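Below is one structure, written out as structure tokens; the observations come after it.
Just so we're clear, the structure is a prediction, and the values are computed from it rather than from any experiment.
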Amino acid sequence: MAEAPQPVRGTRDLIGEDQRRFAHVVDTARAVCGLYGFDEWQTPVFEETRVFSRTLGETSDVVTKEMYSFADRGGDSITLRPEGTAAICRALVSNGLTQSLPQKIFYAGPMFRYERPQKGRYRQFHQIGAELIGPAEPLADAEVIALGRDILAALGIADATVLELNTLGDLESRGAWREALIGYFREVAEGLSEESRARLERNPLRILDSKAASDQALVANAPRIDGYLTATAQAHWDGVRRGLDQFGVAYRVNPGIVRGLDYYSHTAFEFVTTSLGAQGTVLAGGRYDGLVAEMGGPPTPAIGWAGGIERLAMLLSSAPAQPAPVAVVPMGEASQAAAIGVLQSLRAAGLRAEQSWRGNLKRRMERANRIGAGWAVILGEDELSRGMAQVKRLATGEQAELALDRIAAYIAAQDH
RNA sequence: GCGGACGUAGCUCAGCUGGUAGAGCGCCAGGUUGUGGUCUUGGAUGUCGCGGGUUCGAGCCCCGUCGUUCGCCCCA
């Protein structure tokens, strides 16, 4: 035997139960987004590299070491998208839709990051996402967060997650706060972990969500954004929290939520769980008022989030069961034609129906059992000569003889 | 990029202080040539991840390598 190929590191096949869970997450999210008036977009899985390098922040890890970038045959630098929002903004601008706001967008699809895989983290992973582009009102933030909450609720996992909320302020607030943080952490730098000392130069906000125990005490006494909010930033922050109360969304303010991508301002939030090891963030986002302009469009406020489908699927207690099929069991060549007629009549009636291709009656019944069939339709020559067949309910073993053209209606009626 | 754990049958795993592989499940066939799920009898399946080393002898010890997994970083 030739050596069998394995899937590339960090990728995996979705088969059976895995695929049903995955599809259930996407289907549920799509349906709930529809209720909120969001329309689905599809954008390419790869883009010009600058779509991401320009917008995610030159120092972010996603850009500096995680992008799948390559030169195509024409020499252009292409990148497999590491996230969805930048691509959506590019599509908005490319299609001239900045003229017709607001846009309410749902998307789902694969994303790619070159990372070390671990629980709930893959190199090809999948996200659902929602973006509301146009409104600057704090109520828009609240509605988009409520949408996320409703999807988690529809999946039955809202109770397994907590919404953590923070504000990063507007540019002015954030700049002043950042300076204060740098000043403070420089004073106490000896006490910081090695990693946080590196962050001090690169991305000081990230020190706030450090997991290192030695940093926790220092972080607790660090300057808080509250003291640096401008009047407009404060008003937005107040408005978001009021809106969440009106939507009935519970949250916990967490000053440590800073988000990893540079384009966020004002609202930042994460739905987190404790049951997925180190990868607790399940659905997260924030406001990104500067991103559309960076993509070459007019200044346009926007807010959105992305959710990890693999992580959401892992939280599901089970995938929705598929309906039990009807197994059609012909006995010999003579009954094959009749079997096809019965199969098609079952399918026309909306029933899942299959037949097996080979084997004696016993073998075919075993197969019917193995595929989880609820019914078997057995086509024997004696009955066929009278235009009849045996219809067996496999759970109970009850069996009845029915006319061929009545079978589909009979089973459809019994199934509910 | 860094650290820990683990790689034995299709799956889950056992395998003693080194003596050239085992169970359960699944699969195949029979008991039952027109009836599955239970029961019962029998059967097949392995380059023990890969390469090297030590040894009379390696699944077991040593080195390397690849892969998986958990964590760090980062993120969904």
With heavy atoms under 4.0 Å as the rule, sort [X] into base, sugar-phosphate or nothing.
{"X": "A:Arg116", "answer": "base"}
{"X": "A:Glu270", "answer": "nothing"}
{"X": "A:Tyr114", "answer": "nothing"}
{"X": "A:Glu115", "answer": "base"}

Rounding to a whole Å, what distance do you find between [X]:[atom1] and [N]:[atom2]?
{"X": "A:Met365", "N": "B:U32", "atom1": "CE", "atom2": "C1'", "answer": "14 Å"}
{"X": "A:Tyr122", "N": "B:G67", "atom1": "OH", "atom2": "P", "answer": "17 Å"}
{"X": "A:Arg386", "N": "B:G34", "atom1": "CZ", "atom2": "C1'", "answer": "13 Å"}
{"X": "A:Arg113", "N": "B:C75", "atom1": "CZ", "atom2": "C1'", "answer": "5 Å"}
{"X": "A:Asp13", "N": "B:C11", "atom1": "CG", "atom2": "P", "answer": "14 Å"}
{"X": "A:Arg370", "N": "B:U38", "atom1": "CZ", "atom2": "C1'", "answer": "17 Å"}
{"X": "A:Arg123", "N": "B:U69", "atom1": "CZ", "atom2": "P", "answer": "11 Å"}
{"X": "A:Gln390", "N": "B:U35", "atom1": "CD", "atom2": "P", "answer": "12 Å"}

When you compare the side chain of [Y] with that of [X], does any pair of heavy atoms fall below 4.5 Å?
{"X": "A:His266", "Y": "A:Trp237", "answer": "no"}
{"X": "A:Gln390", "Y": "A:Val329", "answer": "no"}
{"X": "A:Arg311", "Y": "A:Phe125", "answer": "no"}

Please give the distance between the [atom1] atoms of [N] and [M] as a whole number of Å.
{"N": "B:G19", "M": "B:C72", "atom1": "C1'", "answer": "44 Å"}
{"N": "B:A21", "M": "B:A5", "atom1": "P", "answer": "29 Å"}
{"N": "B:A9", "M": "B:G22", "atom1": "P", "answer": "14 Å"}
{"N": "B:C11", "M": "B:C70", "atom1": "C1'", "answer": "22 Å"}
{"N": "B:A14", "M": "B:C75", "atom1": "C1'", "answer": "39 Å"}
{"N": "B:G18", "M": "B:C2", "atom1": "C1'", "answer": "35 Å"}
{"N": "B:C48", "M": "B:G7", "atom1": "C1'", "answer": "10 Å"}
{"N": "B:U55", "M": "B:U17", "atom1": "C1'", "answer": "16 Å"}

Looking only at side-chain atoms of [X], point me to the closest of [options].
{"X": "A:Gln118", "options": "B:G31, B:C72, B:A76", "value": "B:C72"}
{"X": "A:Lys362", "options": "B:G31, B:A76, B:G34", "value": "B:G31"}
{"X": "A:Lys119", "options": "B:C70, B:A76, B:C27", "value": "B:C70"}

Quiz item: Closest approach of A:Ala140 and A:Leu132, non-hydrogen atoms and distance?
Solution: CB-CD2, 3.8 Å
Quiz item: More than 12 foreign heavy atoms under 6.0 Å from CZ of A:Arg50: is that the case here?
Solution: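 No, the 6.0 Å shell around CZ holds no more than 12 heavy atoms from other groups.
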Self-check item: More than 12 heavy atoms from other groups under 6.0 Å of CD1 on A:Ile371
Solution: yes
Base-pairing mate for [N] - Watson-Crick or G-U, with both contacts under 3.5 Å:
{"N": "B:G42", "result": "B:C28"}
{"N": "B:A14", "result": "none"}
{"N": "B:C73", "result": "none"}
{"N": "B:G19", "result": "B:C56"}
{"N": "B:G67", "result": "B:C6"}
{"N": "B:U33", "result": "none"}

Quiz item: Pick the nucleotide of RNA chain B nearest each of A:Pro117 and A:His126; which residue has the one closer to the 5' end?
Solution: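 Residue closer to the 5' terminus by nearest nucleotide: A:Pro117.
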Exercise. Find which nucleotide of RNA chain B each of A:Arg9 and A:Leu361 is nearest to by heavy atoms, and output the residue with the more 5' nucleotide.
Key: A:Leu361
Quiz item: With the threshold set at 4.0 Å, does a side-chain nitrogen-carboxylate oxygen contact exist between A:Arg386 and A:Glu383?
Solution: no
Quiz item: How many angstroms lie between CE in A:Met111 and CD in A:Glu83, if you round to the nearest 0.5 Å?
Solution: 7.5 Å
At less than 3.5 Å, do the side-chain atoms of [X] and the base atoms of [N] form a donor-acceptor pair?
{"X": "A:Arg121", "N": "B:C74", "value": "yes"}
{"X": "A:Asn369", "N": "B:G36", "value": "yes"}
{"X": "A:Glu383", "N": "B:G34", "value": "yes"}
{"X": "A:Gln399", "N": "B:U35", "value": "yes"}

Quiz prompt | Donor-acceptor pair between A:Tyr228 and A:Glu179 side chains, under 3.5 angstrom | solution = no
Quiz prompt | Near-strand residues of residues 391-398 of chain A, defined as heavy-atom separation under 4.0 angstrom from RNA chain B | solution =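 Those residues whose heavy atoms fall under 4.0 Å from RNA chain B, taken from residues 391-398 of chain A in numerical order, are A:Lys392, A:Leu394, A:Ala395, A:Gly397.
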Quiz prompt | Cationic tip of A:Arg149 above A:Phe247 ring, under 6.0 Å, 45° of axis | solution =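 Here A:Arg149 fails the 6.0 Å and 45° test against A:Phe247.
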